[in-house]
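A quick write-up on the structure given underneath.
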Amino acid sequence: MSEGNNSLTVLGVEVFFKPTADMDRAASAARILEERYDSLKRRSSGQSKDLLLTYVALGLADDVLNAQKELDDTLTRIDDLLSKIERLA
């Protein structure tokens, strides 16, 4: 990955960002993408870049779904605790 002013080269593709973009965050995201891609590429036997990127995208989407479930579970527990506190008050 290489960096320009408001651009990053990720897996050989230059990606441009709006001027207000948080480039540190974008670079961190690009590193995650490249690490996951490289890990899959090492374990695959000649799969195409498109297929590997599809697997990476599915893995990231699964991470988002898991994080959302954890957040929903945490919010439910907080609501339950708040309800108990209100009943005791």
Side-chain angles (χ1 to χ4, degrees):
M1 176 184 63
S2 63
E3 297 183 39
N5 223 6
N6 277 356
S7 69
L8 297 172
T9 301
V10 184
L11 299 173
V13 177
E14 189 168 13
V15 181
F16 294 91
F17 296 87
K18 62 184 178 180
T20 57
D22 181 345
M23 293 307 293
D24 288 334
R25 185 176 174 115
S28 293
R31 274 191 295 281
I32 291 170
L33 174 69
E34 289 185 335
E35 287 168 4
R36 290 188 182 206
Y37 176 82
D38 289 341
S39 175
L40 278 175
K41 188 175 180 181
R42 281 191 303 273
R43 292 180 290 158
S44 75
S45 54
Q47 300 293 333
S48 71
K49 185 176 183 179
D50 288 345
L51 183 59
L52 292 175
L53 287 172
T54 300
Y55 285 130
V56 170
L58 287 171
L60 292 170
D62 187 56
D63 290 350
V64 170
L65 292 172
N66 287 331
Q68 184 62 52
K69 171 112 175 64
E70 287 179 26
L71 176 61
D72 291 344
D73 292 347
T74 299
L75 292 175
T76 298
R77 286 194 306 272
I78 289 170
D79 284 343
D80 291 345
L81 289 170
L82 286 173
S83 293
K84 288 178 184 178
I85 290 169
E86 288 173 356
R87 279 181 285 188
L88 294 173

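The shown structure was predicted, so the numbers you read here are calculated from the model rather than taken from an experiment.
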Q. Would you say the side chains of Glu70 and Asn66 form a donor-acceptor pair under 3.5 Å?
A. no

Q: Tell me yes or no: between the side chains of Arg31 and Ser28, is some donor less than 3.5 Å from an acceptor?
A: yes

Quick one: [atom1] on [X] to [atom2] on [Y], what's the gap to the nearest 0.5 Å?
X	Y	atom1	atom2	result
Leu40	Leu53	CG	CG	9.0 Å
Tyr55	Asp50	OH	CG	12.5 Å
Ile85	Asp80	CD1	CG	11.0 Å
Gln68	Leu65	CD	CG	8.5 Å
Arg43	Asp38	CZ	CG	11.5 Å

Q: Might you point out which heavy atoms bring Phe17 and Ser7 nearest each other, and give the distance in Å?
A: CD1-CA, 4.2 Å

**Q.** Least distance between heavy atoms, Ala30 atom then Val10 atom
**A.** CB-CG2, 3.7 Å

[X] (side chain) donor-acceptor with [Y] (main chain) under 3.5 angstrom:
X	Y	result
Ser39	Glu35	no
Arg36	Ile32	no
Glu34	Leu11	yes

Q: Please tell me if the side chains of Thr54 and Leu58 come closer than 4.5 Å, counting only heavy atoms from C-beta onward.
A: yes

Q. Do other residues, nucleotides or ligands put more than 12 heavy atoms under 6.0 Å from Lys49 NZ?
A. yes

Q) So, Asp73 and Lys69, do they make that salt bridge, N to O below 4.0 Å? A) yes

Q | Residues which pass side-chain hydrogen bond (donor to acceptor under 3.5 Å, both in side chains) with Asp22, listed by chain and number, not counting sequence neighbours | A | none

Q: Identify, with sequence neighbours excluded, every residue that meets side-chain hydrogen bond (donor to acceptor under 3.5 Å, both in side chains) alongside Arg77.
A: Thr74

